[in-house]
Amino acid sequence: MTIMKEKTIVLTPDSKNRLFTSTFQKAVDDLSVNGGGTLELAPGEYVLSTVYLRSHVHIKTNKGVKILGALSFYDYEPEEKYDYPLYQDSSHSNFHCSMFVAEGIEDFSFTGEGEIDMRDVWDLDDVRKIKHRGPKIFAIKSCRDFEIADLTMKNATDLAVYFVDSKNVEIHDLKLNVYIDGISPDNCENVMIRDCDVVAGDDCIVFKSTYNLNKFGDCRNIEVKNCRLSSRCNAVKIGTETNGGFYNIDVHDIEVYDTRLSVLAIETVDGSNIDGFRFANVHATNCNGIFYATIGDRLRGPEGIKIGTMKNVLIENVEATGPYHEYDTIYWNYLSYAAKDKHQYLWINTPHGPNKPNPKGSQFISNLSGLPGHPIENMTLRHVHLTLNGGYSGKIKPFAKKGEYPEIHTSGHPLGAKGIVFADIDGLVLDDVTINTINEDARPDFLFINVKMA
């Protein structure tokens, strides 16, 4: 990664906490037109709306720096207009409605021990029609050779760190507490994400492959390691935006706790090919569902796309320990925020807002499945040990995929196994996989439907 830091500008904050965007932007631009350098922030509070980052400009936040989001959604840039069709929600099409925007630049960084607090700014009028989501923190498009590190970020009401069509990326030592997705690479190559602590209302680390730049792309050569994750949805996920491909993705040495849906979700529902995914050395506590994988036929995208593929998936050295119990967590959308809904009851599957106790419910059961005629190929689970609540003795539902947004519960709940359901897999290997339940449960450990063992 090329680093140019010959020139330095030191900014000091406005003592009256007025909107500081124009001063900040001028400092970035002055460095840029003079070949680049470092913008150093002195301790204090900076109130910002939308700032455009530039090539060869490196922003350093000293300890004691607090960057505060503007308190009105309308202080941020409006979303862009496109003259081509969009097949994903506006969160993945829009970049300008963000605090820090980078487009088509290279060799830049944003690092230091500072804090970014977006201050719970929602799109109250829902002008973007995406359930009141507000500004992102970082929105990065078609960039290369950049680093985001050492920051604390909180109270973001849209994607926190979103980067698309970018190469040679280092994301590390971030501490996030945000309402929507945490870290989201989309059609990116050569990415390292490490040593991050993410608490998210939506997914913590989520790989996407959208068609949002009017072209197909891939996520390729991505490593995630040494992260600690807690999610009101999924801790690690591929999807659901899956028009392109996912190749050589390695997620390892991960701790997951207090997670409502899945520790791991792998989804190809819009034509993606997934080939080469490793999930290893993972410890999970107080998590509802553990594994979810699906090949689906939503096919949201350009005309002519076909059902995707999933092959060469390795899950190894994973331990999940129970019991799964109630806990307090972060808000996970605007309705949840407005209702001050922080308590997560057991086994709840409500789409929005306050959830309620469900004493007759059951822990979500892992299910890994292709489609008839479109099996998952070559999936291995090795040294996997799950300790689950168990204790379910009511009616079970047949495993059947539904035409709704795919999550661990949408293939049926409760299912006819207490551990894992496998369906439509060609080349399954189970090596030292154990299921234990805290409460007696008569269901078998595994259920196999149209599965060929390797």
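Predicted model, so just to flag it, every value in this text is computed and none were measured.
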Show the nearest heavy-atom pair for residues [X] and [Y], with the distance to one decimal.
| X | Y | value |
| --- | --- | --- |
| Ile137 | Ala160 | CB-O, 3.2 Å |
| Asp123 | Val127 | OD2-N, 2.9 Å |
| Ile295 | Lys401 | O-NZ, 2.8 Å |
| Thr294 | Val269 | CG2-CG1, 4.4 Å |
| Ser32 | Val57 | N-CG2, 3.9 Å |
| Ile266 | Val313 | CD1-CG1, 4.0 Å |

With a 3.5 Å distance limit and no angle check, can you tell me whether [X] reaches the backbone of [Y] through a side-chain donor-acceptor pair?
| X | Y | answer |
| --- | --- | --- |
| Asp126 | His132 | yes |
| Ser209 | Gly217 | yes |
| Arg260 | Arg232 | yes |
| Ser55 | Glu106 | yes |
| Lys342 | Tyr327 | no |
| Tyr392 | Gln363 | no |

One thing to verify: whether [Y] and [X] come together as a salt bridge, which I'm taking to mean a side-chain N less than 4.0 angstrom from a carboxylate O.
| X | Y | value |
| --- | --- | --- |
| Asp150 | Lys175 | no |
| Lys208 | Asp203 | no |
| Lys60 | Glu40 | no |

Checklist entry - Aromatic rings Phe446 and Phe448: how do their planes relate, parallel, tilted or perpendicular, breaks at 30° and 60°? => result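 Because their plane-to-plane angle lies in the 30° to 60° range, the rings of Phe446 and Phe448 count as tilted.
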
Could I get the full list of side chain to side chain donor-acceptor pair (under 3.5 Å) partners for [X], not counting sequence neighbours?
| X | answer |
| --- | --- |
| Glu103 | His96, Lys141 |
| Glu79 | Ser90 |
| Asp218 | Arg220 |
| Tyr211 | none |

Item to check | Inter-residue atom distance Ile238.CD1 - Met310.CE, 0.5 Å rounding | outcome: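 One finds 7.5 Å between CD1 of Ile238 and CE of Met310.
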
With a 4.5 Å heavy-atom cut-off, do [X] and [Y] have their side chains touching?
| X | Y | value |
| --- | --- | --- |
| His92 | Leu159 | yes |
| Met118 | Thr157 | no |
| His325 | Asn286 | yes |

Counterpart residues, ring-ring contact (aromatic ring centres under 6.0 Å, His included), relative to [X] (two or more places apart):
| X | value |
| --- | --- |
| His172 | none |
| Phe110 | Phe100, Phe138 |
| Tyr337 | Trp122, Tyr179, Tyr331 |
| Phe246 | none |

Checklist entry - What's the verdict on side chain to side chain contact (heavy atoms under 4.5 Å, CB included) for Phe163 and Ser184, showing C-alpha distance, side-chain angles and the deciding distance? => result CA-CA 6 Å; Phe163 47 107; Ser184 308; over 6 Å; no

Salt bridge (charged side-chain N to carboxylate O under 4.0 Å, His left out) pairs, two or more places apart, involving [range]:
| range | answer |
| --- | --- |
| residues 425-435 | Arg382-Asp431 |
| residues 363-372 | none |
| residues 275-302 | Glu241-Arg300, Asp250-Arg278, Asp270-Arg298, Arg278-Glu316 |

Checklist entry - For Thr210, which of Asp165, Thr242, Asp89, Asp186 qualifies under side chain to side chain donor-acceptor pair (under 3.5 Å)? => result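 Of Asp165, Thr242, Asp89, Asp186, side chain to side chain donor-acceptor pair (under 3.5 Å) with Thr210 is met by Asp186 alone.
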
Item to check | Qualifying residue, where the test is side chain to side chain donor-acceptor pair (under 3.5 Å) with Ser109 and the options are His58, Glu170, His56 | outcome: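 So, applying the side chain to side chain donor-acceptor pair (under 3.5 Å) to Ser109 and each of His58, Glu170, His56, only His58 qualifies.
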
Item to check | Residues in side chain to side chain contact (heavy atoms under 4.5 Å, CB included) contact with Ser231, at least two apart in sequence or another chain | outcome: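 Here the qualifying residues are Cys204, Cys233, Thr259.
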
Item to check | is_close_aromatic(His413, Phe364), centroid dist under 6.0 Å | outcome: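 Aromatic pair counts; centres sit under 6.0 Å.
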
Next on the checklist: Please determine whether side chain to side chain donor-acceptor pair (under 3.5 Å) holds for the pair Asn226 and Asp253, giving the CA-CA distance in whole Å, both sets of side-chain angles, and the decisive distance to 0.1 Å.
Outcome noted: CA-CA 5 Å; Asn226 300 332; Asp253 296 284; over 6 Å; no

